[in-house]
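Order of listing sets the numbers, starting from 1, for every ligand and every atom in it.
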Amino acid sequence: MRKRLQINFFVIAALAILAVLSLTTIVFYNLFQNEVIENLQTCAHVLESNVDQLSRMDRETFQSREMNQVRVTLIDKEGGVLFDSNAEADKMENHKERPEVQEAFRNEEGKSIRKSSTLDKASFYYAVKVSDGRVLRVAKESESFWSFLIRVSPMIGGIAVILVLVSVILSRYLASSMVHPIEILAKNMDGSEPVTSYKELAPFIHTIQKQHEDIMKNSRLRQEFTANVSHELKTPLTSISGYSELIENGMATDSDTIRFAGEIHKNANRLLVLINDILQLSQMDSRDFSADFELVDLTEIVRECIDMLQLNAKKQGIRIEWKADVSFFVKGSPKMLEELVYNLIDNAIRYNKENGQVTVSLGNKENHIILSVKDTGIGICPENQERIFERFYRVDKSRSKETGGTGLGLAIVKHIVVCHNASIQVNSEEGKGTELIVSFEQANE
Ligand code: ADP
């Protein structure tokens with residue numbers, strides 16, 4: 001990239017140098033031409049006042065006056081040559097058709113530049129109409145464009161070489177200053193070293209670093225998740241393997257066998273619940289469900305979940321309070337919403353105190369449907385309130401395991417909340433109870 005940029009910059013600079021030098025040469029040659037013509041004009045006007053004297057003068061006298069650089073010709077009204085400083089007038093052809101002479105007859109003055117017989121010379125003519133109608137023409141041979149070019153080419157070549165060298169250095173510097181921040185960024189994606197660059201690159205650097213940060217974070221979370229999954233699966237599997245080995249070796253009495261089989265059953269169920277939660281999370285990670293969303297009656301879902309959990313609540317003497325007179329609709333997946341409500345009420349029961357209470361309510365506030373699940377349970381200390389949504393994070397490990405928790409319930413809840421463009425909030429006081437509030441956007445029917 002650096003080499004390519006450098007070449008591109010250099011090509012642009014070289015083209016610019018070529019164009020500027022060519023134009024400068026043309027401009028200078030034009031100035032040079034103008035100067036020669038102006039000199040001839042001055043000369044013609046000086047001679048104009050002495051034209052009578054001139055017509056009487058012979059060629060030798062004229063040349064001896066050191067005017068031989070300039071050729072003077074006097075032409076009568078018909079174009080016939082009356083006098084010429086460089087040739088015998090009577091042997092010269094009619095000059096009426098010469099452009100500068102024609103122009104002088106028409107406009108009092110005329111000029112013309114013509115190629116000479118030799119390539120390196122050009123003939124410059126300036127003609128003035130004298131008061132009696134004759135035309136006085138002065139001419140001079142001077143450098144042609146080509147000989148001018150040859151004369152100035154060493155100087156132009158020198159300038160070109162200097163400019164090319166400067167542009168090589170500049171294009172190298174420019175290419176470097178463009179590529180350098182990108183190279184630094186590539187070596188330093190985590191942003192540990194500040195990348196100094198031009199301001200247009202700042203948003204790009206920021207986005208790249210942010211993306212890199214996200215990728216790293218995701219990869220770290222995935223690694224942690226995999227490690228946690230293995231650990232969580234290992235515990236029940238070790239129990240299953242241990243108890244079954246005891247039975248296999250005949251080391252268990254009849255009553256032990258029944259107890260061990262019960263343990264195996266319990267751990268196998270635990271494995272099933274765990275695998276189910278893990279599968280659910282990975283499914284949600286890999287798919288966008290929003291395409292399948294439909295209008296869901298949240299009131300109905302809450303009623304069904306309470307019915308399913310009523311038995312568990314009764315076992316612990318917990319009362320579920322729930323008032324539902326209106327149907328509240330949200331746009332979403334019925335299965336996921338059921339999972340969300342079930343997990344929240346299940347937690348409110350599992351982390352409650354004996355004879356406690358769970359209050360579930362649905363309401364409408366500022367274009368949002370608010371679901372609240374409140375318990376009079378053990379509560380969560382402030383520093384853990386954010387972390388409970390992390391995968392496998394448990395505040396009360398033993399109670400979680402005892403009650404069949406996987407540490408994934410609220411992670412699934414959080415995922416569902418994000419999928420539904422909703423938000424979740426925890427209000428909790430240790431020892432007093434917890435309230436989880438989910439706020440859904442109101443469905444536009
Ligand atoms: P688990 O399967 O362990 O219940 P969750 O993800 O559902 O996992 O919850 C994570 C942790 O948050 C739980 O282990 C528990 O410590 C805490 N928690 C969740 N809900 C409540 C609640 N209503 N009251 C007190 N603590 C709770």
Side-chain atoms of residues 5-24: list all donor-acceptor pairs with protein atoms under 3.5 Å, sequence neighbours left out, distances to 0.1 Å.
| from | atom 1 | to | atom 2 | distance (Å) |
| --- | --- | --- | --- | --- |
| Ser22 | OG | Leu18 | O | 2.6 |
| Thr24 | OG1 | Val20 | O | 2.4 |

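Under 4.0 Å is where a charged nitrogen must lie from a carboxylate oxygen, and between Lys335 and Glu338 no such pair does. A salt bridge does not link Lys234 to Glu232: none of the charged nitrogens lies less than 4.0 Å from a carboxylate oxygen.
The distance between the ring centers of Phe392 and Phe225 falls below 6.0 angstrom.
The contact set between ligand 1 and Val395, taken as ligand atoms under 4.0 Å from a residue heavy atom, comprises 14 (O), 16 (O).
Between Gly407 and ligand 1, at least one N/O pair is under 3.5 Å apart.
Not a single heavy atom of Asn343 sits under 4.0 Å from any atom of ligand 1. Contact between Arg350 and ligand 1 is present, with at least one heavy atom of the residue lying under 4.0 Å from the ligand.
Nearest residue to atom 2 (O) of ligand 1 from Asp346, Asp396, Thr406 is Thr406 (criterion: closest heavy atom). The residue among Gly409, Ser400, Ser428 with a heavy atom at the shortest distance from atom 3 (O) of ligand 1 is Ser400. Selection from Ile388, Leu410, Val273, Ile412 by nearest heavy atom to atom 6 (O) of ligand 1 gives Leu410.
With respect to Asp375, the side-chain contact (heavy atoms from CB on, under 4.5 Å) criterion is satisfied by exactly one of Ile318, Thr359, Asn347, Thr434: Thr434.
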